[in-house]
Amino acid sequence: MRRYRPTPVPASEITPRQVYLGRREFLTGAMAAGLAAYTTPGSARSLQATRSTYSVDDKATPFEDVTTYNNFYEFGLGKDDPSEKSGAFKPLPWTIQVDGMVAKPGTFDIDQLIKSFPVEERIYRMRCVEAWSMVIPWDGFPLASLLDKVEPLGSAKYVAFETVVRPSEMPGQSGLFQSLPWPYVEGLRLDEARHPLTLLAVGLYGQTLPNQNGAPIRLVVPWKYGFKGIKSIVRITLTDKQPKNTWQVVNPTEYGFYANVNPAVDHPRWSQATERPIGEGGFFGASRRPTLPFNGYADEVASLYSGMDLGKYF
Ligand SMILES: Nc1nc2c(c(=O)[nH]1)N[C@H]1C(S)=C(S)[C@@H](COP(=O)(O)O)O[C@H]1N2
Ligand SMILES: [Mo]
């Protein structure tokens, strides 16, 4: 079913984008690229990425869907809000502070990070807790590479993440109605954070991240529900206490710390057994498909949770 690509290949051998998307989709993709360029004025740059062994062969969700059907509450609650209301957001210049239980804390410039680590293309499944799914070609580097740089202390057990707070550029953070407490925060166990699948994405479809997808840098943890993929990160802190994550804080009966994709454990308000792939089948033909344990990544990650009752930890 899922096959790994055998070996990394040099950037020059990566399928040209128009072939990859298919002709018709390339045309809509080109239109969407125009839209993305509009919402991120002058900032879309292409990235040189090597393809990774961790990719899946599933057909990628069209660029247009990946960049117009989004969850990013800092820009509003609607799926259209992030692409339509993120035009004022400035993802550059950008630094990430990495601190807490580390030997070498530091503040890193996004451009330096992109230069200092090899950027890989990783085609990952993404499963939102709302039961829709996509297949997204990300460009990024393993979170472990950044963690190695700061040298976590033996006492560090978890990694906490924080999104930027910029009410002047993020309409969902200003005004009378605030949908969530800010900053949006997330967390992983240190071994989850160090897992080779755990990615810091700096781009998708071979170019820097559109604002709506979490520019300039966001987390991608493909075996967990999409909300763990915190966007527009400004701070990463190593700690010995289980970090808070925004959705668990606002609704602890529905969302947990682990949030591993598990078709056997229903959300209190809907089934998690199947999912709706975005960009397939049109409105009526929206063909659901079964959701896989750990979103299809069980072989790689199930061992992280041996001894844990997976029906209990959500
Ligand atoms: N800061 C922040 N990060 C966030 C969110 C958000 O509202 N704010 N939404 C999450 C949810 S619920 C999902 S499904 C994914 C969506 O990522 P995408 O829009 O790039 O597909 O981002 C996650 N990261
Ligand atoms: Mo989500």
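Remember, it's 1-based here, ligands and their atoms both numbered in the order they're listed. The shown structure was predicted, so the numbers you read here are calculated from the model rather than taken from an experiment. FYI, side chains are in, hydrogens and waters are out, and symmetry mates aren't considered; it's all heavy atoms of this structure.
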Enquirer: Starting from atom 24 (N) of ligand 1, find the nearest protein heavy-atom neighbour and note its residue, name and distance.
Expert: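 Result: G229 O, 2.8 Å.
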Enquirer: What protein heavy atom sits nearest atom 6 (C) of ligand 1, and how far off is it?
Expert: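 Looking at atom 6 (C) of ligand 1, the protein heavy atom closest to it is Y184 CE1, 3.4 Å.
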Enquirer: Among protein heavy atoms, which lies nearest atom 3 (N) of ligand 1, and at what distance?
Expert: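 So the nearest neighbour among protein heavy atoms is K231 N, 3.2 Å.
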Enquirer: Using the side-chain contact (heavy atoms from CB on, under 4.5 Å) rule, take F108 and W94 through it: C-alpha gap first, then chi angles, then the decisive distance, then the call.
Expert: CA-CA 8 Å; F108 301 93; W94 193 274; over 6 Å; no
Enquirer: Here's one to test your reading of the geometry: is the NZ or CZ of K228 within 45 degrees of the ring axis of F257 and under 6.0 Å from its centre?
Expert: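 Relative to the ring axis of F257, which defines the angle, K228 lies inside both limits.
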Enquirer: Starting from atom 15 (C) of ligand 1, what is the nearest protein heavy atom, named by residue and atom, and what distance separates them?
Expert: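 It is G226 O, 3.5 Å.
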Enquirer: For T163, counting its heavy atoms only, list the atoms of ligand 1 lying under 4.0 Å from any of them.
Expert: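 It comes down to these atoms of ligand 1: 1 (N).
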Enquirer: Starting from atom 7 (O) of ligand 1, which protein heavy atom do you reach first, and at what distance in Å?
Expert: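 It is Y73 N, 2.8 Å.
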Enquirer: Kindly state whether the ring of H267 and the ring of Y255 have centres lying under 6.0 angstrom apart.
Expert: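 H267 vs Y255: aromatic centres under 6.0 Å.
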Enquirer: Provide, to 0.1 Å, the distance between atom 17 (O) of ligand 1 and the closest protein heavy atom, together with that atom's residue and name.
Expert: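 Answer, as residue, atom name and distance: R218 NH2, 3.1 Å.
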Enquirer: Quick one: are Y305 and L310 in side-chain contact, heavy atoms under 4.5 Å?
Expert: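 Yes, side chains in contact.
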Enquirer: Establish, yes or no, whether the cationic atom of K79 lies under 6.0 Å from the six-membered ring centre of Y69 and within 45° of the ring axis.
Expert: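 Pair K79/Y69 counts as cation-pi.
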Enquirer: Is it true that E169 and K90 make a salt bridge, defined as a side-chain N closer than 4.0 Å to a carboxylate O?
Expert: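 So E169 pairs with K90 through a salt bridge.
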Enquirer: Residue-level breakdown please: for E74 versus ligand 1, do any non-hydrogen atoms fall below 4.0 Å on the side chain, on the backbone, on both, or on neither?
Expert: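 Side chain only.
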Enquirer: Could you list which atoms of ligand 1 come closer than 4.0 Å to a heavy atom of C128?
Expert: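 Here the atoms of ligand 1 in question are 14 (S).
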Enquirer: Looking only at protein heavy atoms, which one is nearest to atom 21 (O) of ligand 1, and how far off is it?
Expert: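 Its nearest protein heavy-atom neighbour is M126 CE, 2.8 Å.
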Enquirer: Report the residue from I233, T208, L92 that forms a side chain to side chain contact (heavy atoms under 4.5 Å, CB included) with I110.
Expert: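 The single option meeting the side chain to side chain contact (heavy atoms under 4.5 Å, CB included) with I110 is L92.
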Enquirer: Taking both backbone and side-chain atoms of W138, is any N or O found less than 3.5 Å from an N or O belonging to ligand 1?
Expert: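 There is no such contact.
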Enquirer: My understanding is that only one of Y297, F294, Y225 makes a side chain to side chain contact (heavy atoms under 4.5 Å, CB included) with V261; could you say which?
Expert: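 Going through the options one by one, the only one that passes is Y225.
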Enquirer: Considering heavy atoms of the protein only, find what lies nearest to atom 9 (N) of ligand 1 and give residue, atom and distance to 0.1 Å.
Expert: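 So the nearest neighbour among protein heavy atoms is N71 O, 3.2 Å.
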